[in-house]
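Numbers for residues simply follow the sequence, beginning at 1.
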Amino acid sequence: MNRGLFITLEGVDGAGKSTHLEWLSEQFRAHGRTVRATREPGGTPLGERLRDLLLNSPMHAETEALLIFAARREHLARVIQPALEAGEVVISDRFTDASFAYQCGGRGMPEARVETLESWVQAGLQPDLTLLFDVTREVAEARRSAVRDPDRFEQERADFHERVRQAYLRRASRYPQRIKVIDANQSVEHVRRQLLTLLEPLL
Ligand code: TYD
């Protein structure tokens, strides 16, 4: 099977990962690859409806986790797996590391719960590369305060976001081969240089 490449982008709200998604896609397209840029929660018509609920409707923390994994199951079955089987490059703005960071780190859910959902929904599939856009608490707060209409996650207090950040960094030290930490406090140009160094072997 000619399996493609699965790349995920992660980081706290305000880390700037979405800014880099289109540019990353262009780097692969310039090398003749077909790129499927997508996002979570979302990425399918049903997933986008679940995203709207997740970002705007108050709910129990476990309901939140279950809806995120329901959207993820749909995303994997309808978008990610078919694209990888067709040899495409899939770049997803967030994936399961976000569940460990937000639901476990941020909301305090035991990791074992998310691990159970992960093994059910992903059946062993993991990203080939995860780019973790890391910013200090101050930079993230400044970027978030520029958002006009904050969603349920963006409305959380600064200590929630700091717990999310620390949970991401713990994942990165646990999976150093897969998760690469990008210093995203710097200018867009500087971040792109770091990304190119990491991507070169894959292009
Ligand atoms: P985000 O990706 O930051 O989108 P935007 O840039 O449009 O605000 O928003 C998605 C939110 O969903 C983000 O605040 C984190 C949350 N989330 C989780 O809590 N768990 C998850 O597993 C995923 C994928 C996202």
Side-chain angles (χ1 to χ4, degrees), residues 4-21 24-25 36-43 47 50-51 54-55 61-62 64-76 79-81 83-84 89-137 140 144 151-154 156 160-184 191 194-195 198-199 202:
L5 193 61
F6 185 21
I7 299 175
T8 59
L9 312 187
E10 298 285 359
V12 296
D13 293 271
K17 66 191 163 36
S18 310
T19 307
H20 297 285
L21 179 68
L24 279 167
S25 304
R36 181 69 66 103
T38 186
R39 68 170 180 182
E40 288 208 353
L50 293 171
R51 177 189 179 90
L54 281 158
L55 297 193
E62 292 188 355
E64 179 181 279
L66 290 165
L67 288 182
I68 285 169
F69 273 92
R72 184 163 295 140
R73 185 72 199 97
E74 196 70 8
H75 195 205
L76 278 161
V79 176
I80 298 175
Q81 283 166 331
L84 291 177
V89 179
V90 176
I91 307 181
S92 185
D93 187 344
R94 298 192 186 282
F95 192 63
T96 301
D97 293 304
S99 305
F100 285 100
Y102 282 80
Q103 280 62 55
C104 303
R107 303 245 190 262
M109 174 170 296
E111 289 196 356
R113 295 257 162 98
V114 170
E115 281 164 359
T116 301
L117 292 169
E118 178 189 36
S119 60
W120 180 15
V121 162
Q122 286 163 237
L125 182 82
Q126 291 291 344
D128 298 297
L129 173 67
T130 297
L131 301 168
L132 172 55
F133 292 82
D134 183 56
V135 283
T136 63
R137 186 181 183 132
R144 275 198 303 276
D151 64 39
R152 273 177 68 237
F153 296 95
E154 288 158 346
E156 287 287 345
F160 174 90
H161 293 281
E162 188 57 21
R163 288 199 304 277
V164 170
R165 178 187 180 208
Q166 295 305 330
Y168 269 132
L169 291 171
R170 282 196 301 277
R171 303 265 311 152
S173 40
R174 188 162 158 197
Y175 302 105
Q177 290 300 324
R178 173 173 68 83
I179 307 181
K180 303 297 178 190
V181 182
I182 311 285
D183 177 1
V191 171
Q194 295 177 66
L195 292 173
L198 285 171
L199 290 184
L202 303 173

Roughly how far, to the nearest 0.5 Å, is the [atom2] atom of [Y] from the [atom1] atom of [X]?
| X | Y | atom1 | atom2 | answer |
| --- | --- | --- | --- | --- |
| Glu40 | Phe69 | CD | CZ | 8.5 Å |
| Ser92 | Ile7 | OG | CD1 | 11.0 Å |
| Leu66 | Leu50 | CG | CG | 11.5 Å |
| Asp151 | Asp13 | CG | CG | 6.5 Å |
| Leu67 | Arg51 | CG | CZ | 13.5 Å |
| Leu9 | His20 | CG | NE2 | 9.5 Å |

Using a 4.5 Å cut-off on heavy atoms from C-beta on, say whether the side chain of [Y] contacts that of [X].
| X | Y | value |
| --- | --- | --- |
| Leu24 | Leu195 | yes |
| Thr19 | Val191 | no |
| Leu199 | Leu129 | yes |
| Leu198 | Ile182 | yes |
| Leu131 | Phe133 | yes |

Can you see which heavy atom on [X] is nearest to which on [Y], and at what distance?
| X | Y | result |
| --- | --- | --- |
| Pro127 | Arg178 | O-CD, 3.2 Å |
| Gly11 | Tyr102 | O-OH, 3.7 Å |
| Leu117 | Ala65 | CD1-O, 4.4 Å |
| Ala101 | Ala167 | CA-CB, 3.8 Å |
| Cys104 | Pro110 | SG-O, 4.1 Å |
| Ile179 | Ala172 | CG2-CB, 3.7 Å |

* **side chain to side chain contact (heavy atoms under 4.5 Å, CB included) partner of Ser99, the single match among Glu115, Met109, Arg72, Glu118** =>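 The option that passes is Arg72.
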Just jot down the salt bridge (charged side-chain N to carboxylate O under 4.0 Å, His left out) partners of [X], sequence neighbours excluded, or say none.
| X | answer |
| --- | --- |
| Asp128 | Arg3 |
| Arg107 | Glu64, Glu156 |
| Arg165 | Asp134, Glu162 |

* Got more than 12 heavy atoms from elsewhere within 6.0 Å of CZ, Arg113? ->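 At most 12 heavy atoms, drawn from other residues, nucleotides or ligands, come within 6.0 Å of this atom.
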* Evaluate the criterion side-chain contact (heavy atoms from CB on, under 4.5 Å) for residue pair Leu132 and Asp97; output intermediate values, then yes/no. => CA-CA 9 Å; Leu132 172 55; Asp97 293 304; over 6 Å; no
* Name the orientation class of the two ring planes belonging to Phe6 and Phe95 (parallel below 30°, tilted from 30 to 60°, perpendicular beyond 60°). => perpendicular
* Has the side chain of His161 got a donor or acceptor atom that lies under 3.5 Å from a matching backbone atom of Gly106? -> no
* To do: Check whether any side-chain N or O of Arg94 sits under 3.5 Å from a backbone N or O of Pro41 as a donor-acceptor pair, and report yes or no.
  => no
* Asked: Checking side-chain contact (heavy atoms from CB on, under 4.5 Å) for the pair Val12/Phe160: CA distance, chi angles, key distance, verdict?
  -> CA-CA 10 Å; Val12 296; Phe160 174 90; over 6 Å; no
* To do: Taking atom types as modelled, find out whether Arg171 and Thr130 have a side-chain donor-acceptor pair closer than 3.5 angstrom.
  => no
